[in-house]
Every structure is written in C-alpha cells, then in structure tokens.
2 protein chains.
Amino acid sequence: MIRGEAADVPGDGAQKTPDRLRRRASRLLSQLAVRSDRLITDGLARDDARKWHYAVLASLQEYGPASQAELSRRSGIYRSDMVGVLNELAARDLVERSPDPGDRRRNVITISAEGRRRLQRLDEVLDDLHDELLAPLSPAERDHFVQLLTRLLDHHTQPS
Amino acid sequence: MIRGEAADVPGDGAQKTPDRLRRRASRLLSQLAVRSDRLITDGLARDDARKWHYAVLASLQEYGPASQAELSRRSGIYRSDMVGVLNELAARDLVERSPDPGDRRRNVITISAEGRRRLQRLDEVLDDLHDELLAPLSPAERDHFVQLLTRLLDHHTQPS
DNA sequence: CCTATATCGTTAGTCTGACTAACACAACGG
DNA sequence: CCGTTGTGTTAGTCAGACTAACGATATAGG
C-alpha cells in the first residue's frame, strides 16, 4: 500500500509545505493514517500476521463461530476477500473451516486453541505498536483522542 | 480508492464489530480517514477538482512559482505523478508551464489569475467540507483535535 | 409443491493510488 | 573534460478496495 517516505528525493530540506495544507484536518488525518498503517502493517508482518488476521480472530473470539459472510460483516472485510484471509488463517491452523450441517451453503469458521493463543500474542504486539503510535500523548490525551475519533466515526457511520 | 460502504451486503444489522477492533486508535484512524477522504474527494469532484489540484495551487500561492520537482517536494506528490496533475491544471488554465531560462532542465510553474480565483473557491469548498467532517465537535474540540493530530504527525515525521 | 428471490462461498477482474525504474537531458563541481 | 547529481517524463509494479457473476443452496409466497 505504501512503502517510501515522502515524494521522492531526499529529506524535506525546508518545511515548505503550505500552511493551508498542513492545517486541514482531512490532510492531517490521512497522513497520520498512512503512517499509522505502515507502523501496524510492518509490526504485524514481523510476526507473520496481517491486520485482517487480527480482525477475524478477534471477531471469532468475541462472538463465537460464524459463517464467512457473517465474519465479513463483523470485520468490514469484503466477502470476496474473506476467502483469502481464511485460507491464510487456516494454513496457520488458527482457524477451522467446516461445512455447516444446518445450512449447506455455509462454512462454519471456528477459532482454534492455537488461534486463541495467537490472538493474545497479537493483542500484545498491537498494544506495543499503539504505544509507539501515541507516544507523544499523555494517557489522558490518548483517551481523549480515541474519544474524539470515535465520536467522529460514529457520526459518519450510517446516519441513515 | 473507495466507493461503497462496508463489507458488501446491506446494513450492519447488529453492530457486531468486536470491541477490540473498535477501540484501537489505528483502526479508528484509518476508518475515519477513509470516510474523510471520500467526503473530500466527492466534494471536490462536484467542483471538477481533486485534492492534488488544491495542494499544488496552495503551494504556488504561498511560496510562488516553482519547478515541478520543487512542487513535488512541497506537496508530497511524487515527481512522476506531478506531470499528470500539472497537465490537468494547465488544461484548466489554472497554471502556466514555461521553460526556466536559467536552468534548461526545469519548467517554471506559475499560478494564473484564474488559478488564484480557483484556489479561493476551493478553500471555501474545503471549509464547508471540513465543517461537515467535524460536525459533532465544538470549536474548542476541533482545535484540540487538530492539535493532537499535528503533534502525532510531527512525531512520526522524520524523527531522523 | 413450485417458483421467485435472496444468500453463500468463490473466482475473476476492475480501478485507483502509492511507489520504483529507467530514460535523455542539462547543470555543476572538481 | 568528466563523473555526479537533479530534472521532467514514461512506463510499469503492487496492493487494496471494490464489482460482477457463477453454481449451489435456502426460504417465502402463492
């Protein structure tokens, strides 16, 4: 998704980025999201994991076994991409995929013991990474930050 | 980049998204950034503009004429993508591209009167869009939010 | 029961945006 | 002069978000 630093070439030299740009919340948001994403993706990669793994495992842990479509809804991963994610998880024995006897269209996905252990490990990894992400903020500020993000996100999530 | 809503299928039904996921700042950040980006991109599209147009115009306005490479550094747009952006801007007569007499490798990019008018217009559009983006927050909260974002971004920008 | 419609897992493919590589050319420093 | 470095440009890679369509079921309504 993203690899390098800025726009080609070496260091920024002078910070000539226009103020108009630097102030806009949308730009701050997207820039920070990019860095955050890099941090998380790289951090998880060091543990041979990907964010989607975490999302699926967490969902299974919290709400129990589910069909792929259901997992897709919980995690925000597209049904079509779920296949691949589950293949990866199954290849690592973190998850089991078995046909649903009650509905033969479905597969029932179950988290394994290994999967639960893995989730725990990933939770620690993510804790550390978030510590790095939010390093400049005090605990109170971190809370506030999360709270602001949550309010904004809620507001922009289906106000239907 | 992104078009639809969530992961396929209709409304979320129950909000079965695991708490672990919903609390993580990285996830809030990336989700919100996605919505924000959609908002901005769509809003600008209604005015036949794109974010890169704004970035370049703003940079020209604030720091004066520059080479393409220089603009690239200021705006964070890759040198290779700058070409296309400037083509679009030139096609709309918002910008003029002329060879630099002092350095024949360079093009000097200058903002036009039309371009200045356009920038002003885009600034208004963006003000409105940000108003929508930050709707749930009080003025003080908006400031605080921007300040938190800035601190975080600064911290993660070349701590070299 | 029969038929229409919706859901499931899966495959394939599109589109966009970030990013790399390599080019011909010109400038610059020794 | 020569090697190095910056410039504008073209081409292309890669990943992730997303759509379309498939055969297989299930489910609801008449």
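Model, not experiment: these values are computed from the prediction. Below, chain A is the first sequence line, B the second, and so on; all start at residue 1. Every heavy atom of this structure was used, including side-chain atoms; hydrogens, water molecules and symmetry mates were not.
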Exercise for the section: Measure the distance from CZ on B:Arg79 to C1' on C:dA21 and round it to the nearest whole Å. Expected result: 11 Å

Practice task
Please answer whether the main-chain N or O of B:Val146 pairs with a side-chain N or O of B:Thr150 as donor and acceptor at a distance below 3.5 Å.
Solution key: yes

Exercise for the section: State whether the side chain of A:Ser72 and the backbone N or O of A:Ile77 hold a donor-acceptor pair below 3.5 Å, judged by distance alone. Expected result: yes

Practice task
Starting from P on D:dC22, measure out to CZ on A:Arg105 and report it in whole angstrom.
Solution key: 19 Å

Problem - Which nucleotide in C:dA21, C:dA18, D:dA17 has an atom nearest any side-chain atom of B:Asp81 - result: C:dA18

Fill in the blank from the handout: Separation of D:dT7 atom P from B:Asn107 atom CG, nearest Å, is 12 Å

Handout entry: Separation of C:dC8 P from A:Leu86 CG (nearest whole Å)
Key = 14 Å

Exercise for the section: Go through the side-chain N and O atoms of B:Gln61 and A:Arg20 and say whether any donor and acceptor fall under 3.5 Å apart. Expected result: no

Fill in the blank from the handout: Of the listed D:dT19, C:dC25, C:dA18, the closest approach to the A:Tyr78 side chain comes from D:dT19

Handout entry: A:Arg73 side chain near C:dT7 phosphate (N/O to OP1/OP2, under 4.0 Å)
Key = no

Exercise for the section: Please test A:Gln68 against A:Arg97 for side chain to side chain donor-acceptor pair (under 3.5 Å), starting from the C-alpha separation and ending with a verdict. Expected result: CA-CA 9 Å; A:Gln68 301 189 189; A:Arg97 199 198 242 135; 3.0 Å; yes

Practice task
Could you check how far CD of A:Gln31 sits from P of C:dA18, rounded to whole Å?
Solution key: 10 Å

Exercise for the section: Could you state the atom-to-atom distance from CG of A:Asp103 to P of D:dA28 in whole Å? Expected result: 12 Å

Practice task
In whole angstrom, give the distance that lies between atom CG of B:Leu71 and atom P of D:dT7.
Solution key: 11 Å

Problem - Under 4.0 angstrom between A:Arg50 side-chain N/O and D:dG16 OP1 or OP2 - result: yes

Exercise for the section: Report the distance from atom CZ of B:Arg104 to atom C1' of D:dT9, rounded to the nearest whole Å. Expected result: 18 Å

Exercise for the section: Using heavy atoms to find the nearest nucleotide of DNA chain D for B:Gln68 and A:Arg106 separately, return the residue whose nucleotide is more 5′. Expected result: B:Gln68

